[in-house]
Amino acid sequence: MAVSARRGRPLTPGEIHTTALRLIDATGVEKLSMRKLAAELDVNPMSLYHHVQDKTDLLHGVCALAAAEVRLPPDDGAPWQDQLRALAHAYRSIARSHPSLWFHLTTHPDVVDQSGALWVVYNRILAAAGVPSDRLAHTRKALFVFVSGLLTAESGGILSKLDGVDDADATFTVAVDLIIAGLESGGSRER
């Protein structure tokens, strides 16, 4: 591993992604540039390209870092309803902890890795809920978009303006309960 002459220590992918996430949290994805990231790390901008191909590749790593923070429900025999509630709150935690990154994820699906642990757990829970394998992808996408829309409304302040009620937690709980009720009634199965 090459040692940066300016820093005196090696640059690592972990340090790059952690610093990028901190900058994204502070100023947003749009304002992040390789040049700004390099300045923050005290390296030549070209040094970054030894570890990431481009900004999209960088964002893949940042998304993986943020996803690793999420406490996913274990496969511990708990009812799928409880696991789905825990997963919904875990997903919401990304939106709350890293709102700029989360908004970018919802508008740039090319940086979403659907093979990650979050998606594996999501598939497991939906299968436990009785979603047939041929309907799994459709159900997963529908619920993802539903919850993402709700979180967009929450983060954009729309929820607080509707009906004059400013209780995003209660609204989120109702949304998750509706999802569970729909799954329990077989709403994901073909009729």
Side-chain angles (χ1 to χ4, degrees), residues 1-76 83-84 86-127 136-137 140-156 172:
M1 187 176 293
V3 175
S4 167
R6 291 164 64 183
R7 293 166 28 112
R9 67 186 197 291
L11 184 62
T12 66
E15 183 181 15
I16 291 169
H17 296 133
T18 300
T19 303
L21 182 56
R22 186 171 42 76
L23 291 174
I24 289 168
D25 286 345
T27 62
V29 174
E30 303 76 29
K31 294 196 178 181
L32 177 68
S33 68
M34 299 301 250
R35 190 170 298 281
K36 286 180 184 176
L37 178 58
E40 188 71 19
L41 291 165
D42 194 27
V43 298
N44 181 306
M46 295 309 294
S47 299
L48 297 174
Y49 294 101
H50 293 284
H51 303 281
V52 295
Q53 295 174 3
D54 54 24
K55 188 172 178 181
T56 300
D57 187 39
L58 172 67
L59 290 173
H60 277 285
V62 171
C63 290
L65 179 66
E69 295 176 1
V70 176
R71 295 185 62 213
L72 298 173
D75 190 6
D76 61 1
Q83 291 187 42
L84 187 61
L87 181 63
H89 286 283
Y91 179 64
R92 187 180 186 210
S93 74
I94 297 172
R96 290 183 146 197
S97 299
H98 307 291
S100 294
L101 178 65
W102 179 84
F103 183 75
H104 186 80
L105 288 173
T106 62
T107 57
H108 294 82
D110 54 318
V111 296
V112 176
D113 176 13
Q114 292 190 35
S115 65
L118 179 95
W119 297 95
V120 170
V121 171
Y122 194 12
N123 285 333
R124 173 180 51 82
I125 293 169
L126 291 177
L136 193 60
R140 185 180 60 237
K141 284 189 287 188
L143 295 180
F144 174 77
V145 171
F146 176 74
V147 173
S148 294
L150 178 67
L151 293 176
T152 298
E154 178 184 352
S155 63
F172 190 78

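These numbers come from the heavy atoms of this one structure, side chains and all, not from hydrogens, waters or symmetry mates.
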Revision key, fill the gap. Residues at least two apart in sequence or cross-chain that pass side-chain contact (heavy atoms from CB on, under 4.5 Å) with S33, listed by chain then number, are R35, K36

**Study point:** From CA spacing to verdict: side-chain contact (heavy atoms from CB on, under 4.5 Å), V121, Q83
**Key:** CA-CA 9 Å; V121 171; Q83 291 187 42; 5.6 Å; no

Exercise for review: Under the salt bridge (Lys or Arg N to Asp or Glu O under 4.0 Å) rule, collect the residues that match up with E40, sequence neighbours excluded.
Suggested key: R22

**Study point:** Which residues share a salt bridge (Lys or Arg N to Asp or Glu O under 4.0 Å) with D25, sequence neighbours left out
**Key:** none

Practice item. Decide yes or no for H60 and T56: does some side-chain heavy atom of the first lie under 4.5 Å from some side-chain heavy atom of the second? Key: yes

Check your understanding: Any side-chain heavy atom of L32 sitting closer than 4.5 Å to one from V62?
Key -> no

Review point. Looking at side-chain heavy atoms only, is the closest gap between L59 and L105 below 4.5 Å?
Key: no

Just list the side-chain donor-acceptor pairs under 3.5 Å for residues 148-155, sequence neighbours left out, or say none.
residue, atom, partner, partner atom, Å
S148, OG, Y91, OH, 2.8
S148, OG, F144, O, 2.8
T152, OG1, S148, O, 2.9
E154, OE1, R92, NE, 3.2
E154, OE1, R92, NH2, 3.3
E154, OE2, R92, NH2, 2.9
E154, OE2, R96, NE, 3.3
E154, OE2, R96, NH2, 2.9
S155, OG, L151, O, 3.1
S155, OG, T152, O, 3.2

Check your understanding: Is there a side-chain contact between V52 and P13 (heavy atoms, below 4.5 Å)?
Key -> no

**Study point:** Between OG1 on residue T27 and CD1 on residue I24, distance to nearest 0.5 Å
**Key:** 8.0 Å

Exercise for review: Applying side-chain contact (heavy atoms from CB on, under 4.5 Å), name anything that partners R71, two or more places apart in sequence or on another chain.
Suggested key: none

**Study point:** Gap between atom NE2 of H51 and atom NE2 of H17 - 0.5 Å precision
**Key:** 10.0 Å

**Study point:** Contact check, side chains of V120 and L72, non-hydrogen atoms, under 4.5 Å
**Key:** no

Review point. Which residues pass the side-chain contact (heavy atoms from CB on, under 4.5 Å) test with P99, sequence neighbours left out?
Key: none

Review point. Under a 4.5 Å cut-off applied to non-hydrogen side-chain atoms, are P73 and I125 in contact?
Key: yes

Review point. How far does CG of L41 sit from OG1 of T19, to the nearest 0.5 angstrom?
Key: 4.0 Å

**Study point:** Atom pair CG/CG of N44 and L11 - distance to nearest 0.5 Å
**Key:** 11.0 Å

Review point. Do any N or O atoms from the side chain of S97 and from the backbone of I94 form a donor-acceptor pair under 3.5 angstrom?
Key: no

Point to revise | Pairing residues for H89 by the ring pair (Phe, Tyr, Trp, His ring centres under 6.0 Å) criterion, not counting sequence neighbours | key: F172

Review point. When rounded to the nearest 0.5 angstrom, what is the spacing between NZ in K55 and CG in L58?
Key: 8.0 Å

Check your understanding: How many angstroms lie between atom CZ of R124 and atom CG of L136, to the nearest 0.5 angstrom?
Key -> 12.5 Å

Review point. Step by step, would you call E69 with L21 a side-chain contact (heavy atoms from CB on, under 4.5 Å)?
Key: CA-CA 12 Å; E69 295 176 1; L21 182 56; 3.9 Å; yes

Check your understanding: Got a donor-acceptor contact below 3.5 angstrom from the T18 side chain to the E15 backbone?
Key -> no

Practice item. Over all heavy atoms of both residues, which pair between A20 and L37 is shortest? Give the atoms and the distance, please. Key: N-CD1, 3.7 Å

**Study point:** Closest non-hydrogen atom pair, L101 against C63
**Key:** CD1-SG, 3.9 Å

